[in-house]
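In what follows, chains are A, B, ... by sequence order, proteins preceding strands, each numbered from 1. Since this is a predicted model, take the numbers as computed values, not measurements.
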Protein chains: 2
Amino acid sequence: MESSKARQIYLVLRDRIAGGHYADKAALPVEQDLAAEHGVSRATVRRALAALEEEGLITRRQGAGTFVSLDGKPRPIAADFSDALAHLTAMGRTTTVQLLAFGYEEASPAIADALGLQRNAMVQRSVRVRALDGAPFSHLTTFVPEAIGRTYAEADLASKPLLSLLDRSGHVLARATQSVGAQLATPDVAAALDIETGSALIALTRTVFDQDGRGIEHLAALYRPDRYVFRMDLQRDRSGARWSPALRNET
Amino acid sequence: MESSKARQIYLVLRDRIAGGHYADKAALPVEQDLAAEHGVSRATVRRALAALEEEGLITRRQGAGTFVSLDGKPRPIAADFSDALAHLTAMGRTTTVQLLAFGYEEASPAIADALGLQRNAMVQRSVRVRALDGAPFSHLTTFVPEAIGRTYAEADLASKPLLSLLDRSGHVLARATQSVGAQLATPDVAAALDIETGSALIALTRTVFDQDGRGIEHLAALYRPDRYVFRMDLQRDRSGARWSPALRNET
DNA sequence: GGAATTTGTACTCTAACCTAGACAAATATA
DNA sequence: TATATTTGTCTAGGTTAGAGTACAAATTCC
């Protein structure tokens, strides 16, 4: 079931279960209906269900039906947009970072544009994977202009947050723009995040600027949606015309 | 190429092109390298490229290479998190709404939990698709407690924003929580959004509460990432410890 | 002009995937 | 207890996708 209709259905059902669309202990639609919904034969649906069963996400009982089974399955981390990880470590859970790649190369056009560099400028590129309690949940690719990247060492990246390294570099990080989309997992990130190629990922890109509007860092992050989710609270302001972000009181 | 390795590669490359990973007019990796990257044969890569070419996203020239071709291709809309669509219509572009489903049903466990209802409570469920200049970009499923849903008519949903309808119902919408993830397109939403099953979608869920903390509306939205992107500006606050959302000055 | 690169085309073989149907076995329901 | 529902098992057959290879044709680069 490397890549096939059965796998599509498997992935869709897995997302639905993880997303609470089907509640714990609840019955899934019967195989015949799932087959109709996806326009495939029952045999194909069965292969998808078999994969889910093997993963322990569902239980099938002949004559009765198919049921969601989430006993000890962890819920995704809910991260605030503004500050991603500060409170995680405070909660006593341990995130570890693995550095997969590090080097200097010519900026691709898209990166050069984002950072406001010349087309042939050199940038430091690093690829890191972050894991929570041993379970990888994010794949981070960062681009930093060469001059700034040289202010810290490769080994620093594996142990310290990049933003704190940039702070020490003497540049004043003032503002950032970020945008969130969705992407399919390519083989390389799929391997790094321990998922299958073609899974859905949250794609976040962020560019950080200093006071003078110079680009300091460009980040392309991919998150496993079953382990990481972006959360935000909104409050209506007095006029009632707009919704504005409500800042949480967590440290 | 309904669902296959070739299709995975096609989708991945399409995302990369739309996401600016390969710049306009730039050359893609040669077929041999793409094949190696994805661990498939060159024939398979060629089928993916053929699909991209048919869509006009690339141009292939024998002996020269394969090139990105984004002439009149529209860029995705960048929406702010707090208020999604207010400024869109102000820009003169027209969004249209199509009501795909409307009715009252028993709340699923997940929905009941989100809204703080009893397990067997009835809710109004509606499914809408929103399009910009005729191109669909979002698939919205909303759940509203029955008593509140009865305060407006089915026809209202096709013409007015739901939040304004809820305003008129006499309930004071005070705060909301929303979270963003990613999901694969199921056949039904794929058809509604004019994409292929298995494409990556941004999944946003939002629950709106009134002053007393009662759930008023639960929204499950799916967005095409090539047409819609969530954007946010961040500013560092004085202490330097946190990043906080910077409110834009657009009306 | 010549060599190297890159896309285009053609072919075979194999394996995996999917459909369709029928029936059995377990369970739930009236 | 009888009936309907639902998962489990099996078979047969057809289609498609993919790997691998080889060579042709166009382009680029020296």
Mind checking the NZ-CG spacing from B:Lys25 to B:Leu70? Nearest 0.5 Å is all I need. 8.0 Å
Gap between atom CD of B:Gln183 and atom OG of B:Ser199 - 0.5 Å precision: 13.0 Å
In whole angstroms, how far is the C1' atom of D:dG8 from the CZ atom of A:Arg60? 8 Å
Could you check how far CG of A:Leu49 sits from P of C:dC18, rounded to whole Å? 14 Å
Check whether any side-chain nitrogen or oxygen of B:Arg46 sits under 4.0 Å from OP1 or OP2 of C:dG8, and answer yes or no. yes
Work out which heavy atom in A:Ile202 is nearest to a heavy atom in A:Phe230; give both atom names and the distance. CG2-CE1, 3.8 Å
B:Glu53: which of B:Arg47, B:Arg46, B:Arg60 passes salt bridge (Lys or Arg N to Asp or Glu O under 4.0 Å): B:Arg60
Heavy-atom contacts, protein to nucleotides 19-30 of chain C, under 4.0 Å, summarised as B (base), S (sugar-phosphate only) or - (none) per nt, yield B--B--BBBS--
Rounded to whole angstrom units, what separation is found between the CZ atom of B:Arg7 and the P atom of C:dC17? 16 Å
Verify the distance criterion only: is there a donor paired with an acceptor across the side chains of A:Tyr104 and A:Gln124 at less than 3.5 Å? yes
Among A:Leu201, A:Val229, A:Leu204, find the one that has a side-chain contact (heavy atoms from CB on, under 4.5 Å) with A:Tyr223. A:Leu204
Below 4.0 Å: OP1/OP2 of C:dT7 and any side-chain N or O of B:Thr66: yes
May I have the distance from B:Phe67 (atom CZ) to D:dT27 (atom P), rounded to whole angstrom? 11 Å
If you take any heavy atom closer than 4.0 Å to DNA chain D, which residues from residues 27-36 of chain B end up in contact? none
Is the shortest side-chain N to carboxylate O distance from B:Arg125 to B:Glu217 below 4.0 Å? no
Rounded to the nearest 0.5 Å, what separates atom OG1 in A:Thr205 from atom CD in A:Gln178? 8.0 Å
Would you work out how much the helix from C:dG1-D:dC30 to C:dA30-D:dT1 bends between its ends, with each end axis defined by five base pairs, to 10 degrees? 50°
Between B:Thr207 and B:Thr177, a side-chain donor and acceptor under 3.5 Å: no
So, is the end of the B:Arg130 side chain (NZ or CZ) under 6.0 Å from the ring centre of B:Tyr228 and within 45° of the ring's axis? no
Does one side chain, of A:Ser126 or A:Thr142, offer a donor that lies under 3.5 Å from an acceptor on the other? yes
